[in-house]
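See structure below.
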Amino acid sequence: MPLSAPAPQQNQSIDGRRPAAASPRTAILAAAADVFLILLFAAIGRDAHQRGEIVTGVLATAWPFLAGAAAGWLVFRLWRRPLAAWPSGVVVWLATVAVGMLLRALTGQVVVLPFVIVALIAVAVFLLGWRLLAAGVRRLRSRRSAG
């Protein structure tokens with residue numbers, strides 16, 4: 001009977017090594033990128049609907065989503081691997097939208113299916129997109145330095 005390799009333990013990669021923890025600077029920059037992109041999402045949405053009160057309006061629209069992102073970061077300790085699209089990017093994306101929509105509903109803000117769908121797509125593009133781009137850049141750099 002052939003022997004199979006043991007399954008990796010939690011927080012280990014397939015080769016058995018633990019992934020390197022991110023530096024505090026990397027985690028702060030990743031969180032800042034998430035905040036910026038959530039604010040951009042809110043600003044684009046407000047502009048598309050031609051609403052006034054630029055700064056306060058964007059903050060009023062963004063705060064539930066920012067709270068959702070913060071919840072995802074804290075509950076799942078995303079600072080350990082903030083650049084990973086999986087699971088960090090997926091967690092922050094889903095937490096941002098799920099908690100954001102829940103808080104919007106609880107505070108009497110509009111939550112309709114088309115907005116939920118648009119938010120899921122746009123926030124995925126933003127929060128997963130920059131992580132995937134960063135992974136591609138890191139991969140290119142590692143190939144260039146190895147070759």
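Numbers for residues simply follow the sequence, beginning at 1. This is a predicted model, so every value here is computed, not measured.
- Of all heavy-atom pairs spanning Leu132 and Ala85, the tightest one is CD2-CB, 3.6 Å.
- Sorted by first and then second residue, the side chain to side chain donor-acceptor pair (under 3.5 Å) pairs involving residues 57-70 (not counting sequence neighbours) are Arg46-Thr61.
- Ser145 and Ser142 share no side-chain donor-acceptor pair at under 3.5 Å.
- When hydrophobic clusters are built by joining Ile, Leu, Val, Met, Phe, Trp and Tyr residues whose side-chain heavy atoms come closer than 4.5 Å, directly or via intermediates, Val118 is not grouped with Val58.
- Under a hydrophobic clustering in which Ile, Leu, Val, Met, Phe, Trp and Tyr are joined whenever their side-chain heavy atoms come within less than 4.5 Å, directly or via other members, Phe41 and Leu102 fall into different clusters.
- By the side chain to side chain contact (heavy atoms under 4.5 Å, CB included) test, Ile44 is found to be paired with Leu40, Phe126, residues two or more places apart in sequence or in another chain being considered.
- Looking only at distances, a side-chain donor or acceptor of Trp93 sits under 3.5 Å from a matching main-chain atom of Leu120.
- Residues passing the side chain to side chain contact (heavy atoms under 4.5 Å, CB included) test with Val111 are Met101, Arg104, Ala105, Val116, sequence neighbours excluded.
- Within a 6.0 Å sphere centred on CZ of Arg77, heavy atoms belonging to other residues, nucleotides or ligands number 12 at most.
- To the nearest 0.5 angstrom, Ile38 atom CD1 is 5.0 Å from Leu127 atom CG.
- Residues Leu66 and Val110 fall within the same hydrophobic cluster, defined by Ile, Leu, Val, Met, Phe, Trp and Tyr side chains chained together at heavy-atom separations under 4.5 Å.
- In terms of heavy-atom proximity, Arg81 sits nearest to Pro87 at NH1-CD, 4.3 Å.
- The two residues Pro82 and Ala27 come nearest to each other via the heavy atoms CG-CA, 3.8 Å.
- Taken together through direct or relayed side-chain contacts under 4.5 Å among Ile, Leu, Val, Met, Phe, Trp and Tyr, Val125 and Leu128 form part of one hydrophobic cluster.
- No continuous path of ILVMFWY side-chain contacts below 4.5 Å connects Leu113 to Leu103, so the two sit in separate hydrophobic clusters.
- Annotation: the span from Phe115 atom CZ to Gln109 atom CD amounts to 8.5 Å, rounded to 0.5 Å.
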